[in-house]
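Here is the structure we will look at, set down as structure tokens.
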Number of protein chains: 4
Amino acid sequence: MASRPLIKPRKIATQQRSRATVDALVQATARILVKEGFDKASTNRIAAVAGVSVGSLYQYFPSKEALVAAVIERHQQEITQMVRRELAGVLTESIDKAVHKLVTVAVKAHRVDPKLHRVLAEQIPRVGKLEKLETFNRENFALFSAYLERHREELRIDDLGLASYVCVTTIEALTHNAVLHDSRMLSDQTMEALVDEAARLITGYLKK
Amino acid sequence: MASRPLIKPRKIATQQRSRATVDALVQATARILVKEGFDKASTNRIAAVAGVSVGSLYQYFPSKEALVAAVIERHQQEITQMVRRELAGVLTESIDKAVHKLVTVAVKAHRVDPKLHRVLAEQIPRVGKLEKLETFNRENFALFSAYLERHREELRIDDLGLASYVCVTTIEALTHNAVLHDSRMLSDQTMEALVDEAARLITGYLKK
Amino acid sequence: MASRPLIKPRKIATQQRSRATVDALVQATARILVKEGFDKASTNRIAAVAGVSVGSLYQYFPSKEALVAAVIERHQQEITQMVRRELAGVLTESIDKAVHKLVTVAVKAHRVDPKLHRVLAEQIPRVGKLEKLETFNRENFALFSAYLERHREELRIDDLGLASYVCVTTIEALTHNAVLHDSRMLSDQTMEALVDEAARLITGYLKK
Amino acid sequence: MASRPLIKPRKIATQQRSRATVDALVQATARILVKEGFDKASTNRIAAVAGVSVGSLYQYFPSKEALVAAVIERHQQEITQMVRRELAGVLTESIDKAVHKLVTVAVKAHRVDPKLHRVLAEQIPRVGKLEKLETFNRENFALFSAYLERHREELRIDDLGLASYVCVTTIEALTHNAVLHDSRMLSDQTMEALVDEAARLITGYLKK
DNA sequence: TATGAATGAGAGTTCATTCAT
DNA sequence: GATGAATGAACTCTCATTCAT
């Protein structure tokens with residue numbers, strides 16, 4: 001994008017190419033997963049869709065598992081970034097607002113790529129190094145703990161870790177199921193209602 | 001057709017043998033799933049562990065999928081029976097008691113065969129006719145709705161279906177995760193604490 | 001059919017039952033072959049359709065091959081009987097008439113059970129003891145030879161065996177193909193034309 | 001893309017390897033069919049005999065059926081090429097000569113690979129996309145029709161299609177049976193006699 | 001004798017992975 | 001590096017046949 005000198009180090013060109021190949025592979029994998037399901041996502045097929053050879057695939061990913069892991073990670077990161085963005089400044093907000101925002105963001109997180117999310121959640125066997133898909137847990141657990149810590153005196157909390165666990169797990173479950181399974185039946189209106197209910201559930205639990 | 005005392009009809013002998021084979025197969029499947037994971041559960045291996053031939057397997061189960069489905073169903077039924085037993089009479093109990101009981105039962109349900117439950121939840125690709133594992137949903141959803149209906153005036157409920165969804169999903173998620181993932185870290189004491197917290201969460205949500 | 005004494009020897013009853021079972025099996029085989037093809041004709045399926053157990057099937061037929069052979073033989077015999085009936089007295093007829101009758105009968109023979117005939121001809125691998133399906137050959141070869149012998153002086157024949165071979169093979173081929181493959185396209189009228197042509201072919205060849 | 005002398009494009013090297021594999025597979029199939037019959041021609045066995053892996057087999061042939069089809073096609077093409085070569089110029093020849101040549105060629109066609117021809121004709125179930133083996137029909141039907149058309153005035157023909165059908169079918173049947181079944185008994189001398197008889201049969205039928 | 005549950009060799013096929021080019 | 005042909009273990013499933021009841 002910036003003006004470039006006439007000679008670029010080959011290494012960078014190479015790295016760019018590598019990067020492009022890796023991206024293409026991850027994207028192809030995600031695409032096949034969404035469109036045809038895990039069963040159809042063979043390495044040969046992935047390579048073909050990515051426009052590279054199987055050999056190249058194995059140049060960049062040591063196994064099929066690693067490829068799927070990359071898809072999961074990429075998806076996770078997209079979500080994490082979005083959540084971080086949306087939740088900036090939440091620490092200083094009131095409980096009601098904060099919790100409502102949290103739930104809203106959780107819904108939004110599941111809507112980043114719901115089809116992919118569903119496939120990852122339902123079709124990928126959690127075996128080997130393939131971790132559980134955690135939309136709203138790891139990083140957000142910390143965030144939530146921090147919030148609780150900060151507002152501790154306003155809240156009715158004994159065990160902070162336990163409370164965080166309860167809240168984060170609950171929000172994750174409610175929004176995950178709502179978005180990924182019942183979304184056809186759920187109008188935006190009902191979704192709002194659900195968000196409100198979930199917020200009330202958590203708020204009631206936390207407040208003194 | 002004539003009365004033949006002392007001699008059992010062949011059909012029963014037959015049914016017994018069949019039944020034994022079917023049982024052996026389902027058990028073998030569950031055992032392999034637990035001990036070695038879904039990947040290792042090939043039809044030949046299952047038959048071998050069951051002590052029958054692959055042919056017999058396919059005499060009773062049209063596909064590998066059907067076998068796994070049978071394992072799921074059997075597990076589901078064990079849980080359902082236990083839940084039914086434990087929850088008899090819950091309809092007439094107070095909210096506090098009822099909800100506490102519900103959460104306690106949910107924990108117990110996940111402890112029926114936690115290893116199997118975990119494999120079923122995490123390693124079985126939800127593809128084809130293989131439904132989601134629902135420990136605490138379908139039948140219990142109805143039960144919960146009935147409870148809420150009955151105690152409606154004592155409660156703060158707008159949308160009964162929505163409230164049921166929120167409660168059932170929440171209890172399921174909290175207990176599922178606690179039992180199946182963090183159980184190593186969770187002492188019985190902490191578990192009790194969790195149950196209390198979950199109960200408080202739900203109770204606070206429902207009460208006026 | 002005749003009036004029967006009150007007591008029949010059990011052996012006969014048994015024989016009748018056996019006979020009935022055998023018939024049922026052969027019929028079931030033929031039926032499955034016609035309706036679903038050779039691939040679907042497994043011994044278990046045949047037994048089921050015949051209303052007996054696989055065990056019984058093997059009581060009467062040592063192998064699947066034997067069963068198919070029985071179907072072929074039964075079909076062959078039906079044809080042979082029909083041909084014999086229709087061709088009685090042909091020996092004394094004139095060449096024109098005799099040959100025309102022969103061709104007509106050949107067509108009729110292929111129409112005894114054309115669907116079965118086609119399956120037997122096309123789907124049954126001629127392996128082991130399974131012979132070629134010969135509608136119009138073995139017995140009729142002899143008959144034809146006899147005719148030629150008898151009318152030798154009217155005919156232009158060097159090698160009687162060779163002439164028989166030529167005629168019988170030709171008639172068989174022309175009628176077989178016409179009836180079994182092109183019968184949809186062939187109107188009765190065209191069929192008649194074909195019969196006439198075939199007759200002319202053979203007659204021209206035989207006559208001085 | 002640039003001209004690269006002395007270096008063959010990779011594609012060709014690749015194509016050569018592929019081609020060799022495909023050839024080996026088709027040859028192996030034919031060999032097994034001839035030597036051991038259709039029953040023994042399993043895909044694994046074919047691959048083994050071809051000196052490649054089953055995986056390679058399925059890289060080039062989508063099914064066992066496709067492999068057999070390839071053998072049939074290859075055989076058919078060999079025959080077709082031979083027939084075309086031998087029959088060049090037949091259109092302008094006299095009836096006697098033309099018909100005699102035709103029959104002679106038909107015999108020769110069946111002698112291209114008689115054992116294979118026999119297996120293909122007798123053991124391959126005509127199921128799915130596997131067509132009838134037609135040594136002397138499709139293309140030659142057209143050729144024969146053309147001949148009759150051209151010589152129509154010299155001949156006694158009403159229905160040209162019908163006449164072609166009669167002649168082609170007859171020649172095919174006579175030579176097929178003679179070469180493939182009775183060839184042990186048939187000396188070259190008898191074979192010549194048969195050819196003469198067949199030619200006389202057809203000629204007599206066509207001539208005015 | 002009839003039954004049908006049980007057998008198990010073997011079929012066709014797939015696919016993650018390797019490696020010569 | 002990139003290619004893609006080749007690999008082959010492993011899988012699901014079938015079916016002619018046997019044999020305990």
Side-chain angles (χ1 to χ4, degrees), chain A residues 14 17-18 21 39-48 51-67, chain B residues 7-8 10-11 13-22 39-48 51-65 67, chain C residues 14 17-18 21 39-48 52-67, chain D residues 8 10-11 13-22 39-48 51-65 67:
Chain A
T14 300
R17 200 138 69 97
S18 294
T21 301
D39 280 4
K40 300 285 168 55
S42 70
T43 49
N44 277 292
R45 183 136 181 57
I46 291 169
V52 303
S53 63
V54 229
S56 291
L57 187 157
Y58 278 90
Q59 201 102 47
Y60 294 107
F61 296 92
S63 68
K64 188 189 173 183
E65 201 188 351
L67 201 39
Chain B
I7 295 175
K8 286 182 194 170
R10 172 127 19 138
K11 228 193 288 178
T14 295
Q15 280 177 353
Q16 278 177 348
R17 199 141 69 109
S18 297
R19 180 74 208 213
T21 301
V22 168
D39 279 5
K40 297 287 166 54
S42 73
T43 49
N44 277 300
R45 182 132 182 60
I46 290 170
V52 304
S53 64
V54 226
S56 290
L57 187 158
Y58 280 93
Q59 201 124 63
Y60 297 105
F61 297 93
S63 67
K64 186 190 171 180
E65 200 186 5
L67 206 36
Chain C
T14 299
R17 201 138 67 96
S18 294
T21 301
D39 279 4
K40 298 285 166 56
S42 70
T43 48
N44 276 293
R45 184 139 179 56
I46 290 168
V52 303
S53 63
V54 230
S56 292
L57 187 156
Y58 279 89
Q59 202 103 49
Y60 294 107
F61 295 92
S63 69
K64 188 188 173 182
E65 200 188 351
L67 201 40
Chain D
K8 285 183 192 167
R10 170 128 19 135
K11 230 194 285 179
T14 295
Q15 278 177 354
Q16 278 179 347
R17 196 140 73 109
S18 296
R19 180 74 207 211
T21 300
V22 168
D39 278 5
K40 298 286 166 54
S42 73
T43 48
N44 276 295
R45 182 133 181 61
I46 291 170
V52 303
S53 65
V54 227
S56 290
L57 187 157
Y58 280 93
Q59 200 123 65
Y60 296 106
F61 297 93
S63 68
K64 187 189 170 181
E65 200 186 4
L67 207 36

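All chains are named by letter (A, B, ...) in the order of the sequence lines, taking the proteins before the strands, and each is independently numbered beginning at 1.
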At what distance, to the nearest 0.5 angstrom, does OG1 of B:T21 lie from CZ of B:R19? 11.0 Å
Between [X] ([atom1]) and [N] ([atom2]), how many Å, whole number?
X	N	atom1	atom2	result
D:R45	E:dT13	CZ	P	18 Å
B:L67	F:dC11	CG	C1'	15 Å
C:I46	F:dT17	CD1	P	11 Å
B:R19	E:dA5	CZ	P	15 Å
B:R17	E:dT7	CZ	P	8 Å
B:K64	F:dA10	NZ	C1'	11 Å
A:D39	F:dC11	CG	P	15 Å
C:N44	E:dA6	CG	C1'	11 Å

Nearest listed nucleotide, side chain of A:S53, among F:dA2, F:dT17, F:dT14: F:dA2
Compare the minimum distances between each of F:dT3, E:dG4, E:dT17 and the side chain of C:V54, then state the nucleotide with the smallest one. E:dG4
Heavy-atom nearest pair, D:R45 first then D:K40, reads CD-O, 3.5 Å
Look at the side-chain N and O atoms of B:T21 and state whether any lies under 4.0 Å from the OP1 or OP2 oxygen of E:dA6. yes
Under 4.0 Å between a side-chain N/O of A:S42 and OP1 or OP2 of E:dC15, yes or no?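 For E:dC15, neither OP1 nor OP2 has a side-chain N or O of A:S42 closer than 4.0 Å.
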Any side-chain donor paired with an acceptor under 3.5 Å for C:S56 and C:S53?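 Yes, a side-chain donor-acceptor pair sits under 3.5 Å.
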For [X], give me all partners under side-chain contact (heavy atoms from CB on, under 4.5 Å), at least two apart in sequence or on another chain.
X	answer
C:Q59	none
B:V22	B:V26, B:Y60, B:F61
B:T43	B:V54, B:L57, B:Y58, B:K64

Short of 4.0 Å, heavy atom to strand atom, which residues of residues 55-63 of chain B count as contacting DNA chain E? B:G55, B:S56, B:Q59, B:Y60
Side chain to side chain donor-acceptor pair (under 3.5 Å) involving D:S63 - partner list, sequence neighbours excluded: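 Per chain and number, D:S63 pairs via side chain to side chain donor-acceptor pair (under 3.5 Å) with no residue.
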Applying a 3.5 angstrom cut-off to the pairing atoms, does DNA chain E sit in any stems of at least three consecutive Watson-Crick or G-U pairs? List them by first number.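 When the pairs of DNA chain E are grouped into runs of at least three, the stems are E:2-21 with F:2-21.
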